[in-house]
Enquirer: 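One structure is given below, represented as structure tokens, and several questions about it will come after.
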Amino acid sequence: MANTYQLSRESLTSLFGALRKDGRRILAPVESDGRIGLGEVEAPAQVAGDYLQTIMSAKEVAFPKVERLLSYTITPGQVDLKDAEPKAAPTVLFGVRPCEAKAFGALDAVFNWDYRDKFFNARLEKLAVIGLSCTKADEACFCTSVGGGPADTAGSDILLTPVADGYLAEVLTEKGTAILNLASDLFKPGNGVDKVAVAAKVEAAFDQPALTAKLPGMFDSEVWVDQSLRCIGCGACAFVCPTCVCFDIQEEADPKQGERLRCWDSCGFHMFTLHASGHNPREVQSARWRQRIYHKFSYYPQRYDQLGCVGCGKCTRACPVDMNLKEHLTEAAGVTA
Amino acid sequence: MEALKQRAIELLEKGEVKAVLGYAKGTGQARRAFFARQPGQVDKLVLDEACTQNLAAYATKHEVKKLGRVAIVAPPATQRALIQLMAERQLRDGDLAILAVDEGAIKELGSAAALEEHLALKAQGLDAKDKTLLAKLDAMSREDRWAYWQNEFSRCMKCYACRNSCPMCYCEHCTMDCNRPQWVPVASHSIGNLEYHMVRTMHLAGRCVECGDCGRACPVGIPVHLLTISAEETVHELFGQRAGAKAKLDYALSTFKTDDKESFIR
Amino acid sequence: MSRIGVFTCHCGENIGATVDCAKVAEMCKDIPGVAYSVDYKYMCSDPGQRMMQEAIKEHKLDGVVVAACSPRMHEPTFRRAVANAGVNPYMCEMANLREHCSWVHEKGEATTHKAADLIRVLVEKIKHNEPLFPIKVPVTRTAMVIGGGVGGIQVALDIANGGHKVVLVEKSPSIGGHMSQLSETFPTLDCSQCILTPRMVEAAQHPNITLMTYSEVEKVDGFIGNFKVTVRKKARKLDEKLCTGCGLCIQKCPNKKISDEFNEGLGTRTAIYVPFPQAVPNKPVIDTLNCTFYKTGKCKVCEKLCPTGAIRFEQEDELVTLDIGAIVLATGFKLMKTDVFPEYGYGKSKDIIDGMQFERLASASGPTSGVMKRPSDGKEPETVVFIACSGSRDRSKGVPYCSKICCMYTAKHAMLYKHKVHSGKAYVFYMDIRAAGKDYDEFVRRAIEEDDVKYIRGRVSKIYEEDGKLVVMGADTLMGGEPVEIRADMVVLATAVQSNEGSEELAQTLHVSYDTYGFFAEAHPKLRPVETNTAGIFLAGACQAPRDIPETVAQASGAAAKVVGLFSNDELTREPIVAVVNRLPAPAYSHCVGCFLCLSACPYQAIEQEEIKSRSGEVIKTLARINPGLCQGCGTCVATCRTKAIDLQGFSNEQIYAELMTL
Amino acid sequence: MAEPFEPKITAFVCNWCTYAGADLTGTSRIKYQSNVRVLRVPCTGRIDYMMVLKALHKGADGIIVSGCHPNDCHYTSGNYHARRRWMVFKKMMEVMGVDMRRITFSWVSAAEGARWAQLVNEVTDQVRALGPYSEFRQIVGAGIE
Amino acid sequence: MSEKNIYLPYLMRIAEITEESPAVKTFRLEFVDDVAAQSFDFKTGQFGLYSAFGEGESTFCIASSPTRKGYIECTFREVGRVTAALADKEVGDIVGFRGPYGNVFPLEDWKGKNLVFIAGGIALPPLRSVIWNCLDLRDWFKDITVVYGARRVADLVYKRELKEWSERPDMKLVTTVDPGGETPDWTGKVGFVPPVVEQLGLSAENTVAIVCGPPIMIKLTLPVLQKLGFPPEAIFTTLENRMKCGVGKCGRCNTGKSYVCKDGPVYTLAELNQLPAEY
């Protein structure tokens, strides 16, 4: 059960100070050349003002685009393996949107459903999320269609909702409480403001449970072919996605030494499933587009009992050919099987 | 616009094409590629300033080729791309019905020769914004230029939106996919990104049709199109050849003149 | 890991004095994949090679790095040695410790380290070496010679005498070429036809030579040893087998006023004709453009009179496809026309003639039977001006080069004239006298000193007609540019030698390169002067550059020697250092996308199109294919290929990458 | 105390002219600095710009690319193709901000043994003066978490 | 305390290399670390990721039987960057191994049944493990039949073992090569695998069929088996999807809700019928 407090705008400076004093780095949305991206900040003033979302998702904090899994040296008849330790600095993610905060749950599901991934875990363990509710949304947003909301608490350790003069602060987890304890004097008792009233209004676009239920039956539907005809098969959607977790393992070596790197990958690339023999289980773009949707909306629910999508709309905004996920899902939901 | 729609309907109704590839309204103010496959869908076609995507990128896709003969709405940059694709034998003369669009006027071009002639009438100019940026880069010190690109590339994640949006990047097996040897690292780290953009630039030098789509495609706003455009301009300056001008291949980097200037060689 | 042996050679003191070879050998043992490493005084010596071969067997080595001198020196030696030990020769590489290390650096740690580095690079390369096998190309031992002038005849005879079949293709009705038109030849002044006609007859009668006159090459496919040449046999309108060459048809042909090509327009011929009396074959052709029958549908006098009934008005051109192993181009030259000289009145005056026309005037078999008569009125010219360098070395005429033969033939012309018209005056305007060659300068001297030909160093600025004379205005630069004016009866322009009609088209048909002036390009200006860049196609004579008869004949014999060499084996064996386009199973077939950007990068036209077809014959994909018979292994296409579909055997991407990763 | 900086120089040379020229340097016993490591390819036409990039990746401080003079190419035109490639490549590298003082293109014939020694010495001295190409080395390995 | 790095391979020393057919090799691998060797265990059907250090990892099944202790074996064809690097290795060289991963053949369930193994080309290795396992537990099962086909005689792998199997009285081995692939001294059958299976006169009664081979062979063999009366539950196969992690994360082998690396590689036809045909 969340404890709700009031946090003044000015007190953020002290909060940042306390966090940094505690040895944590603070990552927050910052603006550069008109683009919003995560960057390290020292003071609230550095945080971008009026932003909708970052272009990239916050997943790189726990799942960076390139990370070392191991390294080795080679001598005649011998290989010396060296385990890699993730550089997991205590980090506070400040000001991420509820959709993205929620996405860590989907990442966690994949990284730990069976074997545990120490790289992700080490980073996640050191990560605290101070989410920030949305007061506006755009045409790409559809969090409410996928079980989230502009002020949803899932995934945040503390969720801030902007209200007059400051924020409503919901302290949600132990990690949240630990932050509160760093500067408990800043957290004033709550005054019962209804956060729903200030949060953005995002209309649900489609009935997700119904869509999930019907997907298995529409695998061969033409709708995937139609929608994907203009898809150019790049990885922009997957790379900005806060839940996409597909990765590649790459070797970089010379005759004496080498390392194994984990790199983001995308099921939209035709090389993703291509066998060395030339056989490709997902030969055409429509099959790859379908995989992207099914993975998130059918296979995730079946395996992890949650969706692989948080409705943030980043993919739609990033897509060079305007593949609008909300629109396409709505269309799919409307297809009569 | 009406002429375009009318012709599109005709082409579809007569069965001359299986689809008309043009632009339609997208998210918000955006325009997107649209395949009108029935006469009834033609109404969705739009044509305005916001229609910037180079649709020629679709012309070489298996999925599109499989549709059958397609009519393509082709603003100047697309026209240039199409003729270059013909020169590089990726499209055969007559594979497409080309609905050339020039400042609102529509002209249907049936053959490579017609396209070549049509293109010859037009002056090619760079976007003013790009010119400014290029001049700015040019004016920088070498160190600043290095720092500038390193900073830009630090955002690159090798999503290949630039590559995949490019009409000239039609290779099924890109250099980036070559792993024997792995000339360019797959990983999107600093050196991997730098080498990727260098190779992409070199591959487009003499082939770039200067549509700028790669730069527009980049989700993180790296002006990668400046690289290929400047390489293309270099080729033009040095050798007088230009991509997307002739239906017969005239690739600057596999031709030569014995008196090419070589002041830099010692 | 591969089992690589490293053999470090001291080369006596040559390497050993500067590089610590024992240490290098020791260091190399630490390279993964090196199974054996040793140093030795002289690796190339017999004991050295034996030691290497034993080590290969004993340690089951599959690759060898010999660290010794330059591979340009001993690579063949060591590759042979390795092959004798049962390892593919291309699994042997040489590290150049001598020329690139010990001889150029001071003794010391750094030099020893560099030596080890050089080896390390090649060890990594060898891990990616593939066994390669010499490429064998079957050879069709029939040559085709294109052009039946003196050069072509010489090539044909030399190859035929070497025991191989030759097809001699000539586009005009007779072989003989320009030389058959000449009166006498420099510097001996012997009769041109007297020396040429026996060779023409010899060629015609040689059992190994097939003459195809009045024929042109239409199409060439294939490659060295395996060309398929399509020849168009133009219709003579005559059954050659039946024709006996009696000449009755020619005598009786009513159409006699046709300008005669052989006499350079100075005489006439009939519509059915042989170009000249000694023509080989001595079979007439009907000139359908001028024949009355073809113009009006009536006449057929020749048909009616022909004793053997050989005339065939309905005969059509015939296309013949031949299997050919090698081609020699001997298509000769043409002379620049006199009508391109505004300063000489565009050659409108009949008495301004070119060198070849003069040859016909001087020839005993010519239109004047060798009596000097000027064309306009048949008068004996009392004063003749010869102008050398007419068009040659003249950028404004597009001919910056020297035509080479004019100095000599102008001297000859002046002499011939003086011999025929003893009282006549001969003047030669020249820029320089280029008379390099055996007895050449003596010849020119003779013209000046014995035959009293007046040589004036200077240019002619203008010629105009006045009172039946040609006024030649020039300057004598040796007299300080003093104006010279000569009232001549005839002017002979030594016009520039140019590439023959249709040379560029022919070059394109054969895929050989040619220069700006249309002359065929030799493969190397010094070392491969009779070869073209296209393997199996050779050059003889003036089709490559202006040449005189001795040079043409010499080059012809050279080209013939090349062909005979090529034909000395059933198969042509070539180094396997060639480019290949990768092939994959369906559905990709290859990484090649068929953009053919490589096509124009290849200096040897070795890149071909290959169509992948489905079972129903539909083209699925068009790929580049490299003809190993033509590829010379430069690798330019490899660097051009974006998809890395092309690779160069022996210097593959993997090999070079491995080398680089070692640095 | 730090060791004095010795630049790493990688040279790409064609077999027929520059490699032979360097052989001649050897047979003429002309000395030059030992920093250079030569990679032999058949022709400058074979030299892919990727090779130059990889050499930089592997820490080369200076690079030499050398082949036959115009007109001398063993394969008649490989060097002409290479020359065009280098012209475009050089401009591209400049636009990217690469320090082109570190990359030298040259023609050295089989007869120019002395010229090869001179070239290597000049390049080595120049690159030594420029110092290690740390700008480039810094990005190798960067961007990996 | 830090968690274990699931991407860290065991170091293995190549103890033996057998050249099976052109470009196909079998490695016998022994653990460099004795402790790892002691604790290592796997079941038939499982696979691993094999590292060629310097080039990367490649996935193949463990081709030896779990009943043979102290080593594992793998058989691979040289097709890509990693397999080419592996093929260059010599006895004594070090490679990496991660595994065992994936599910297993349910030998317990097969007790008392007839077994028919059907394999084509390079797909015998996954069956070799289970065949040896079953032969080592011979009294668990009734009749054991192995049908193995390849394009040419030279392409047959495990020639030594084929000979051994053909001489065993307690099993039946049928080998076949495609028409035109036979050599003069070939004594096996000539023909494609599916018709050969059809002609064997197999009874589906109390029998399970295990099929591994190139997609086209599987595609044509399944109807034959179904015609013979094999229910989908009694037909087993293994999938060969591309993999990178092997531990159900990288997404590459994802087919429907299944991760082949976790839920596979062993599937019954009944299970496969529930998956989209993306394999």
Side-chain angles (χ1 to χ4, degrees), chain A residues 32-35 37 55-56 60 64-68 138-140 225-226 228-240 248-253 259 261-266 268-271 274 276 283-287 313-327, chain B residues 19 21 23-35 37 53 55 57-58 61-64 66-67 151-152 154-166 169 172-174 176-177 179-180 182 185-193 213-223:
Chain A
S32 154
D33 289 338
R35 287 180 302 270
I55 297 171
M56 304 291 295
E60 18 179 0
K65 64 180 179 182
V66 186
E67 69 185 316
R68 190 177 288 104
D138 71 0
E139 288 182 66
V225 179
D226 278 344
S228 65
L229 255 183
R230 73 172 186 285
C231 172
I232 54 173
C234 75
C237 50
F239 290 180
V240 300
D248 188 6
I249 298 176
Q250 280 291 327
E251 195 103 338
E252 289 186 10
E259 55 192 9
L261 305 177
R262 166 153 76 188
C263 320
W264 290 351
D265 208 339
S266 165
F269 292 143
H270 84 286
M271 292 287 290
L274 182 67
E283 182 91 57
V284 290
Q285 200 61 39
S286 57
K314 286 188 197 293
C315 53
T316 304
R317 290 179 211 106
C319 181
V321 295
D322 194 32
M323 298 290 285
N324 185 319
L325 189 60
K326 176 169 100 174
E327 175 192 330
Chain B
L21 170 55
Y23 303 93
K25 199 197 151 310
T27 309
Q29 295 309 302
R31 299 289 176 261
R32 62 165 67 144
F34 176 65
F35 292 81
R37 292 158 84 180
Q53 194 189 347
L55 302 178
Y58 292 109
K61 282 182 65 175
H62 283 302
E63 287 86 347
V64 175
K66 239 173 55 191
L67 293 177
N151 179 45
E152 291 295 315
S154 69
R155 295 197 303 281
C156 176
M157 49 193 173
K158 286 213 190 136
C159 70
Y160 297 127
C162 46
R163 177 187 73 180
N164 291 19
S165 65
C166 174
C169 281
E172 289 152 52
H173 187 86
C174 174
M176 302 302 136
D177 305 332
N179 67 358
R180 300 187 67 184
Q182 188 81 54
V186 170
S188 178
H189 44 43
S190 303
I191 188 79
N193 289 344
D213 249 15
C214 49
R216 278 191 291 274
C218 181
V220 292
I222 307 170

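In the text below, chain A, chain B and the rest are named by the order of the sequence lines, each starting its count at 1. What you see is a predicted model; the values in this text were computed from it and never measured.
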Enquirer: Are any side-chain N or O atoms of S286(A) and backbone N or O atoms of S228(A), one a donor and one an acceptor, separated by less than 3.5 Å?
Expert: no

Enquirer: At a 4.5 Å cut-off on heavy atoms, which part of H189(B) comes close to chain A: side chain, backbone, both, or neither?
Expert: both

Enquirer: Please flag which part of L229(A) lies under 4.5 Å from any non-hydrogen atom of chain B: side chain, backbone, both or neither.
Expert: both

Enquirer: Which atoms of V284(A) are under 4.5 Å from chain B, going by heavy atoms: the side chain, the backbone, both sets, or neither?
Expert: both

Enquirer: Judged by atom type as modelled, is there a donor-acceptor pair below 3.5 Å linking the side chain of W264(A) to the main-chain atoms of P64(A)?
Expert: yes

Enquirer: Given that the side chain runs from C-beta out, which part of A161(B) has a heavy atom under 4.5 Å from chain A: side chain, backbone, both or neither?
Expert: both

Enquirer: Can you check whether F239(A)'s main-chain N or O pairs, donor with acceptor, with K65(A)'s side chain at less than 3.5 Å?
Expert: no

Enquirer: Answer yes if the side chains of S165(B) and D213(B) hold a donor-acceptor pair under 3.5 Å, and no otherwise.
Expert: no

Enquirer: I would like to know whether V240(A) and R317(A) meet side-chain contact (heavy atoms from CB on, under 4.5 Å); could you show each step before the answer?
Expert: CA-CA 9 Å; V240(A) 300; R317(A) 290 179 211 106; over 6 Å; no

Enquirer: Is Q53(B) close to chain A through its backbone or its side chain, or both, or neither, when contacts mean heavy atoms under 4.5 Å?
Expert: side chain

Enquirer: Please check this pair: side chain of D322(A) against backbone of T27(B), looking for a donor-acceptor N/O pair closer than 3.5 Å.
Expert: yes

Enquirer: Measure distances from E252(A) to the heavy atoms of chain B and classify the residue's part below 4.5 Å as side chain, backbone, both or neither.
Expert: side chain

Enquirer: Examine whether an atom of L67(B) lies under 4.5 Å from a heavy atom of chain A, and if so say whether it belongs to the side chain, the backbone or both; otherwise answer neither.
Expert: side chain

Enquirer: When only pairs under 4.5 Å are counted, which of R31(B), K66(B), R155(B), Q182(B) shares the most heavy-atom pairs with chain A?
Expert: R155(B)

Enquirer: By a 4.5 Å heavy-atom criterion (distance strictly below it), what part of D138(A) contacts chain B: side chain, backbone, both, or neither?
Expert: neither

Enquirer: Tell me whether Q285(A) contacts the main-chain N or O of G268(A) through its side chain, where contact means a donor paired with an acceptor under 3.5 Å.
Expert: yes

Enquirer: Tell me whether E67(A) is salt-bridged to R262(A), with the criterion being a basic N under 4.0 Å from an acidic carboxylate O.
Expert: yes

Enquirer: Can you tell me which portion of C315(A) sits under 4.5 Å from chain B's heavy atoms? Options are side chain, backbone, both or neither.
Expert: neither

Enquirer: Which one of K158(B), R216(B), R163(B) has the most heavy-atom pairs closer than 4.5 Å to chain A?
Expert: K158(B)

Enquirer: Once you round to the nearest 0.5 Å, how far does CG of D265(A) lie from CD of Q250(A)?
Expert: 8.5 Å

Enquirer: Taking the cut-offs as 6.0 angstrom to the six-membered ring centre and 45 degrees off its axis, would you call R37(B) and F35(B) a cation-pi pair?
Expert: no

Enquirer: With a 4.5 angstrom heavy-atom cut-off, is it the side chain or the backbone of C156(B) that approaches chain A, or both, or neither?
Expert: backbone

Enquirer: Can you tell me how far CG of D177(B) sits from CZ of F269(A), rounded to the nearest 0.5 angstrom?
Expert: 9.0 Å

Enquirer: Let's test your reading of the structure: which of K314(A), E139(A), R230(A) forms the most heavy-atom pairs below 4.5 Å with chain B?
Expert: R230(A)

Enquirer: Out of C237(A), C234(A), P320(A), C319(A), which one racks up the most heavy-atom pairs below 4.5 Å with chain B?
Expert: C234(A)

Enquirer: With a 4.5 angstrom heavy-atom cut-off, could you sort out which part of E172(B) is near chain A: side chain, backbone, both or neither?
Expert: backbone

Enquirer: Where on M323(A) is there a heavy atom nearer than 4.5 Å to chain B: the side chain, the backbone, both, or neither?
Expert: neither

Enquirer: With a 4.5 angstrom heavy-atom cut-off, is it the side chain or the backbone of Y160(B) that approaches chain A, or both, or neither?
Expert: both

